[in-house]
Amino acid sequence: MNFTVSVVIPAYNVAAFVSKAVFSALQQTEVFEVLIVDDGSTDETLKLALNLQKMDSRVKVFQHDKGKNLGRSASRNLGIQRATGNYIAFLDADDFYLEKRFENDKRIFQGALKCDGVYNAVGFSFYRPATATEQVKYVLCTVSKRIPPSELFAGIVSSKYGLLHLNGLTVLKSVFDETGLFNQELVVAEDSDIIFKMALKCVLEPGIIDRPVAKRGIHENNIFDKENVYQTYTIKLYESLFFWSYTAQITVDKKDLILKWLWFFKFRQGNSLFRNCVYWCTLVTRERQFLLSKLSIKYFPIIRYRQMLFPFLFK
């Protein structure tokens with residue numbers, strides 16, 4: 001299979017950054033096309049994108065119906081659907097690739113008997129002054145060790161070995177037949193959702209994990225550091241994974257892990273036992289297979305709270 005990479009770039013009001021992102025993709029010899037999906041921008045983003053399309057035939061610009069703003073997931077999905085390369089890579093419009101971004105990925109894909117995707121480290125680039133905390137925290141988004149594909153989900157769902165970023169991921173286009181497209185109901189954490197699904201369903205091999213192949217742009221308009229937004233959607237992420245796991249025929253041990261982290265974040269909300277029992281009922285009502293499994297008993301809130309409710313039994 002030819003190593004033709006389609007780079008999908010969702011773009012919303014990123015006139016200050018989009019040209020740098022596109023040029024960083026075009027300089028990669030493996031890039032077959034760059035798909036810019038304008039998400040209803042109100043600045044000069046669309047105009048710049050159309051100019052880039054005139055400059056290089058590999059650049060293709062798309063919009064949603066009537067130029068609507070539908071969000072990052074819908075924009076990436078449109079890019080995937082319109083892509084004609086054999087492989088898909090992602091790049092946010094305020095980020096950029098480094099030199100030889102896909103060179104090692106190509107080598108891994110061509111040398112492996114079975115490989116659905118390759119993940120790599122991603123660094124950070126500040127477009128504003130960085131605080132002392134940020135200089136320590138935002139150095140490299142990666143994993144701390146080379147993880148066998150069968151163990152990848154367990155290693156990243158808990159952040160035990162680190163995190164993966166979309167900018168460092170290259171996958172076969174056919175991967176989305178297994179995982180489905182991006183969840184458009186997630187305002188944030190949609191990237192973690194699809195990465196977790198890939199780790200559960202596909203063979204993802206480690207590429208370059210000790211140095212970046214791309215960099216994230218950090219500026220005043222980033223939302224990845226807005227904790228209140230992520231607190232809401234982190235639970236929605238695990239709910240999405242949970243319901244998907246039943247349609248995707250994920251093994252029981254992996255479903256167990258998903259539920260472990262779903263309830264971890266639910267309990268952190270500090271809800272009453274009654275409210276958590278009601279929540280459990282919504283899970284079993286929506287997914288009847290869950291009701292008929294041992295996991296429904298294991299994660300019934302009274303069972304989870306048993307040591308607090310009946311401390312005398314554990315003395």
Side-chain angles (χ1 to χ4, degrees), residues 73 141 143-144 147 149-165 178-180 182-202 204 223-315:
S73 290
C141 184
V143 289
S144 59
I147 308 171
S150 61
E151 301 172 17
L152 181 60
F153 176 71
I156 61 175
V157 73
S158 62
S159 300
K160 179 180 180 180
Y161 298 120
L163 302 169
L164 303 184
H165 191 273
E178 299 291 329
T179 63
F182 283 83
N183 185 345
Q184 295 181 199
E185 295 181 1
L186 296 176
V187 175
V188 296
E190 79 290 344
D191 49 354
S192 295
D193 179 75
I194 200 73
I195 289 171
F196 287 162
K197 288 174 180 176
M198 289 178 184
L200 284 164
K201 198 69 177 172
C202 307
L204 300 185
I223 66 167
F224 68 83
D225 58 351
K226 295 183 179 179
E227 292 296 329
N228 59 326
V229 178
Y230 275 89
Q231 285 175 3
T232 299
Y233 282 93
T234 294
I235 290 174
K236 293 182 182 295
L237 153 66
Y238 287 102
E239 289 173 347
S240 166
L241 272 180
F242 170 71
F243 293 120
W244 170 85
S245 70
Y246 280 90
T247 61
Q249 299 180 327
I250 301 303
T251 58
V252 173
D253 61 317
K254 298 297 193 302
K255 290 175 183 172
D256 194 354
L257 263 178
I258 295 168
L259 283 164
K260 173 185 175 181
W261 288 100
L262 171 57
W263 281 107
F264 171 80
F265 288 107
K266 284 297 293 183
F267 289 150
R268 282 180 63 178
Q269 290 182 325
N271 295 327
S272 67
L273 176 61
F274 175 75
R275 286 188 64 183
N276 282 328
C277 286
V278 171
Y279 179 75
W280 178 89
C281 289
T282 64
L283 296 180
V284 298
T285 300
R286 183 170 169 184
E287 183 47 71
R288 296 299 176 89
Q289 292 183 63
F290 175 51
L291 175 61
L292 301 175
S293 72
K294 292 181 180 179
L295 292 177
S296 68
I297 299 172
K298 180 177 180 179
Y299 288 96
F300 185 58
I302 292 177
I303 301 297
R304 305 303 287 178
Y305 278 115
R306 64 189 182 278
Q307 191 164 351
M308 183 180 70
L309 293 171
F310 313 108
F312 58 91
L313 296 176
F314 296 88
K315 289 181 180 180

Flag the pair [X] / [Y] as yes when at least one side-chain heavy-atom distance between them is below 4.5 Å, and no otherwise.
| X | Y | answer |
| --- | --- | --- |
| V143 | L163 | no |
| Q269 | I235 | yes |
| W244 | I250 | yes |
| Y299 | K266 | no |

Once you round to the nearest 0.5 Å, how far does [atom1] of [X] lie from [atom2] of [Y]?
| X | Y | atom1 | atom2 | result |
| --- | --- | --- | --- | --- |
| F153 | L241 | CZ | CG | 5.5 Å |
| R275 | L273 | CZ | CG | 12.0 Å |
| N271 | C277 | CG | SG | 11.5 Å |
| N276 | F300 | CG | CZ | 10.5 Å |
| Q249 | E178 | CD | CD | 10.0 Å |
| I258 | D253 | CD1 | CG | 10.0 Å |

[X] versus [Y], closest heavy-atom pair with distance:
| X | Y | result |
| --- | --- | --- |
| A189 | Y233 | CB-O, 4.3 Å |
| G180 | I194 | O-CD1, 3.5 Å |
| H165 | C141 | CB-SG, 3.9 Å |
| L164 | I195 | O-CD1, 3.8 Å |
| L204 | P149 | O-CG, 3.5 Å |
| L291 | S296 | O-OG, 3.2 Å |

Any sub-3.5 Å donor-acceptor pair from [X]'s side-chain atoms to [Y]'s backbone N or O?
| X | Y | value |
| --- | --- | --- |
| K254 | L200 | no |
| T179 | M198 | no |
| S158 | A154 | yes |

So side chain to side chain donor-acceptor pair (under 3.5 Å) across residues 184-193, not counting sequence neighbours, yields R72-E190, R76-E190, N77-Q184, D193-K197, D193-S240
List the steps, then state whether side chain to side chain contact (heavy atoms under 4.5 Å, CB included) holds for I303 with K298.
CA-CA 6 Å; I303 301 297; K298 180 177 180 179; 5.8 Å; no
Requested in this report: Report the C-alpha separation of D256 and L295 in whole Å, then their side-chain angles, then the decisive distance to 0.1 Å, and conclude whether the side chain to side chain contact (heavy atoms under 4.5 Å, CB included) test is met.
Outcome: CA-CA 7 Å; D256 194 354; L295 292 177; 3.8 Å; yes
Test ring pair (Phe, Tyr, Trp, His ring centres under 6.0 Å) on F242 and F290; report intermediate values, then the result.
CA-CA 10 Å; F242 170 71; F290 175 51; 5.1 Å; yes
Are R304 and F267 in a cation-pi contact, defined as NZ or CZ under 6.0 Å from the six-membered ring centre and within 45° of the axis?
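Geometry flag: not set, cation outside 6.0 Å or 45°.
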- Query: Which class fits the ring pair F265 and Y238: parallel under 30°, tilted 30 to 60°, perpendicular over 60°?
  - Reply: parallel
Ring centres under 6.0 angstrom apart (W263, Y279):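 Centroid separation for W263 and Y279: below 6.0 Å.
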